[in-house]
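Each ligand, and each atom within it, is numbered from 1 in the order the structure gives.
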Amino acid sequence: LGLGFGVAASAYAEKPLVLGFSQVGAESEWRTANTASIKDAAKQAGVTLKFADAQQKQENQVKAIRSFIAQKVDVIAFSPVVESGWDTVLREAKAAKIPVILTDRAVDASDKSLYVTFIGSDFVEEGRRAGRWLLERAKTMPAGDINIVELQGTVGSAPAIDRKAGFAETIAANPKLKIIRSQTGDFTRAKGKEVMEAFLKTDGKKINVLYAHNDDMAIGAIQAIEEAGLKPGKDILVISVDGVKGAFEAMMAGKLNVTVECSPLLGPQLMKVAKQVLAGETVPKRITTEESVFPAEVAAKEFPNRKY
Ligand code: GYE
């Protein structure tokens, strides 16, 4: 009997998995929902989470990863702020035999053995979805050029590079669609507003469409459009990506025309994969999030179902 208890007790005493997570920052509604998802899922899964916020700086992420290596965590996960420049620190993790999981954003490392898997959205497809919405809408617009301004995400980040590429590739099907200005707003409301103000100052009357790489920049830009005496959603069509609650509110107010969904709720999947990796199971190299598109017409109906 004593032995039986002993076995049970040691099973309970199993050490919880220690996960070091380096987050990009807190730049958007998407990001805060992503952080909440990871923290909640860690608690649910009994994972000990060491969480570091990099304030959108790669050097801070490198420091955090090095400190996770020094602390000998079981698994490291991070959402790389930009795509390039990770080889050295990833090699350090590999040398320390700590598996690395990428979440949300990709790296451009040529050696794919430097990470186990990448969990996140297909950003090129998101850009294409935004483009397809506009191609359809363009059919109902007056003859002549349709001038587009673009607010890009963080320079060098996977979502900015891919959302730009997918959109450009798609709208190329209609030569009337012209991107007249394209600049980064770093995924924040404040910068989205600031850059849109500059666009409006130089090209105000010419602008027919705004394509923003995330909802927060679109929301900032909407404010700039209103302050310039124009109607967002009407005088200037507004397209964005993420599908956060703020975007649904803007759609219900008639100020945003469409948002392409990008789910930040990656926490549960990350915990599951971290456990599988630690148990020595093989996991797919790429785990893609499933998403849809929400035009303003369905916003009121969908709003109560939104989880972020
Ligand atoms: O779209 C944006 C955030 O990497 C997918 O980062 C993420 C992007 C998201 O700041 O709002």
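Under a 4.0 Å criterion applied to the non-hydrogen atoms of N214, ligand 1 contributes the atoms 2 (C), 11 (O). The R31 neighbourhood of ligand 1 comprises atoms 3 (C), 4 (O), 6 (O), 7 (C), 8 (C), with distances under 4.0 Å to a heavy atom of that residue. Against a heavy-atom cut-off of under 4.0 Å, F123 is close to the following atoms of ligand 1: 5 (C). Close approach of ligand 1 to C262 is summarised as follows: ligand atoms under 4.0 Å from at least one heavy atom of the residue are 5 (C). Ligand-side atoms of ligand 1 in range of P159: 4 (O), range being under 4.0 angstrom from any heavy atom.
At a threshold of 4.0 Å, the pair R132-E136 does not count as salt-bridged, since none of the basic side-chain nitrogens sits closer than that to a carboxylate oxygen. Classification of K193 and E226 as a salt-bridged pair fails, no side-chain N sitting under 4.0 Å from a carboxylate O. Salt bridge E150/K164: present, at least one basic N to carboxylate O contact under 4.0 Å. One finds no salt bridge joining E126 and R129 here, because no Lys/Arg side-chain nitrogen approaches an Asp/Glu carboxylate oxygen to under 4.0 Å. Ion pairing of E261 with R306 is present here, as a side-chain N (NZ or NE/NH1/NH2) and a carboxylate O approach within less than 4.0 Å.
With a 4.0 Å heavy-atom cut-off, ligand 1 is reached by the side chain of R163 but not by its N, CA, C or O. With a heavy-atom cut-off of 4.0 Å, S79 does not touch ligand 1 at all.
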Quiz prompt | salt bridge (charged side-chain N to carboxylate O under 4.0 Å, His left out) between D145 and K206, intermediate numbers included | solution = CA-CA 9 Å; D145 284 351; K206 284 205 303 208; over 6 Å; no
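Heavy atoms of Q56 come nearer than 4.0 angstrom to ligand 1 in no pair at all. Within the 4.0 Å heavy-atom shell around ligand 1 one does not find D216. Within the structure, the closest approach of D104 to ligand 1 falls below 4.0 Å when heavy atoms are considered.
Nearest protein heavy-atom contact of atom 10 (O) of ligand 1 is E27 OE2, 2.5 Å. For atom 1 (O) of ligand 1, the closest non-hydrogen atom of the protein is D242 OD1, 2.6 Å. Of all protein heavy atoms, the one closest to atom 6 (O) of ligand 1 is R105 NH2, 2.8 Å.
Under the 6.0 Å distance and 45° angle rule, R66 does not count as a cation-pi partner of F68.
Side-chain contact check for V149 versus L200: every heavy-atom pair is 4.5 Å or farther apart. Residues L151 and Q183 form no side-chain contact, since every pair of their non-hydrogen atoms from C-beta on lies 4.5 Å or further apart.
Here's the thing with H213: none of its N/O atoms is less than 3.5 angstrom from an N/O atom of ligand 1. Considering backbone and side-chain atoms alike, W30 places every N or O at 3.5 Å or more from each N or O of ligand 1.
Looking at T48, its side chain never comes within 3.5 Å of a backbone N or O of V18 through a donor-acceptor pair.
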